[in-house]
Amino acid sequence: MTATSPIRIAPSILSADFAALGEAVRAIDAAGADYIHVDVMDGHFVPNITIGPNVVKALRPHSKKIFDVHLMIAPADPYLESFAAAGADIITIHPEASPHFHRSLQTIRGLGKRAGLALNPATPVDVLDHVMDLVDLILVMTVNPGFGGQAYIPLADKIRSVRQKIATSGRDIDLEVDGGINPETAREVIAAGANVLVAGTAVFSGGAEKYAANIAALRG
Ligand code: DX5
Ligand code: ZN
C-alpha cells in the first residue's frame, strides 16, 4: 500500500458473546471498526459451526458499517444469494469450496456485492491468476480456518506476493489478513502490504470499554 492508504480494522464477531451479538456489533461500530467481520462455518469445510444468513439479517440493522462475510462453507454456491439478501456487503469464499470458482465470483458480483477470495495457509497464490478482474478483496489466512484464538502463522512473503499481484493488476483490491492478528503481528502484515486486518481475540479482550483502544492499537 502507499503511505496514504488507510488501514482498516475488521473485528471478528466470532470472539463476541453469542448471546449478545447485536450489542457486540453496536459496540465495535462505536469503537471504530471499519468492517464487521462475520465468520460463517459449517462443520464440514471447517471443524466448527457458527452462524447462518438469518443471524446476518438480524444483525444488519445494528450497524451501517461494511458487513464482511467470510464463508467457510462447502459448497458455497447454494448460499450466496441468502447471504447477499441478508445484508452482506463483501462475500468471501475459498476456492476449495467451489468447483467452478470463477462462476461463483461472477455470481457474487451479479448479486451486487463485492467478491472476496480467501487463501488458506497452504493454498498457493497462483489461484488468483485467472480471476484478478473478478475479486475486490483477497483474504490471506494466517491460521487454518475454523477457530478464533489460534497462533499467527508467519506468511509475510505470501502477503508480499499478493500485494505484488494487486499492484500488477492496477485494480483497487483490499488485501485482508485473518488469524492471530494482534498489535505485534499487525506490524508485520502491514509492512508486508495488508490493508485490512481481521481480529477477534485482540479486539474482544478486556470488555467493551477496551474495544476502542484495542482497535486503535492494531492500526500501527
Ligand atoms: C478463523 C476466522 C478468523 C478468526 C480470527 O477461521 O476466519 O476470523 O475468528 O480470530 P483471532 O483474531 O482470534 O485469530
Ligand atoms: Zn474470518
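One-based numbering, in listed order, for ligands and for the atoms of each.
Here the side chain of Arg114 pairs no donor or acceptor atom with the backbone of Leu137 at under 3.5 angstrom.
Protein N/O/S atoms closer than 2.8 Å to the Zn ion (ligand 2): His37 NE2, Asp39 OD1, His70 ND1, Asp178 OD2.
With a 4.5 Å cut-off on side-chain heavy atoms, Leu139 and Leu119 do not count as touching.
With no hydrogens or angles considered, a side-chain donor-acceptor pair links Asp174 and Asn195 at under 3.5 Å.
The existence of a salt bridge linking Asp89 and Lys65 is excluded, since no basic side-chain nitrogen approaches an acidic carboxylate oxygen closer than 4.0 Å.
Residues Gly180 and Tyr152 come closest through the heavy atom pair O-CB, 3.4 Å.
Cation-pi check for Arg8 over Tyr35 is not met; the charged atom does not lie both under 6.0 angstrom from the ring centroid and within 45 degrees of its normal.
Residues Leu175 and Val135 are members of one and the same hydrophobic cluster, defined by side-chain heavy-atom contacts under 4.5 angstrom among Ile, Leu, Val, Met, Phe, Trp and Tyr.
Between Phe204 and Tyr211, the two ring planes are perpendicular [angle over 60°; tilted spans 30° to 60°].
For ligand 1, the protein residues placed under 4.0 Å by at least one non-hydrogen atom are Ser12, Leu14, His37, Asp39, Met41, His70, Met72, Met141, Pro145, Gly146, Phe147, Gly148, Gly149, Asp178, Gly179, Gly180, Val198, Ala199, Gly200, Thr201.
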Check: Could you walk me through whether His37 and Asp178 pass the side-chain hydrogen bond (donor to acceptor under 3.5 Å, both in side chains) check?
Finding: CA-CA 10 Å; His37 188 81; Asp178 184 1; 3.2 Å; yes

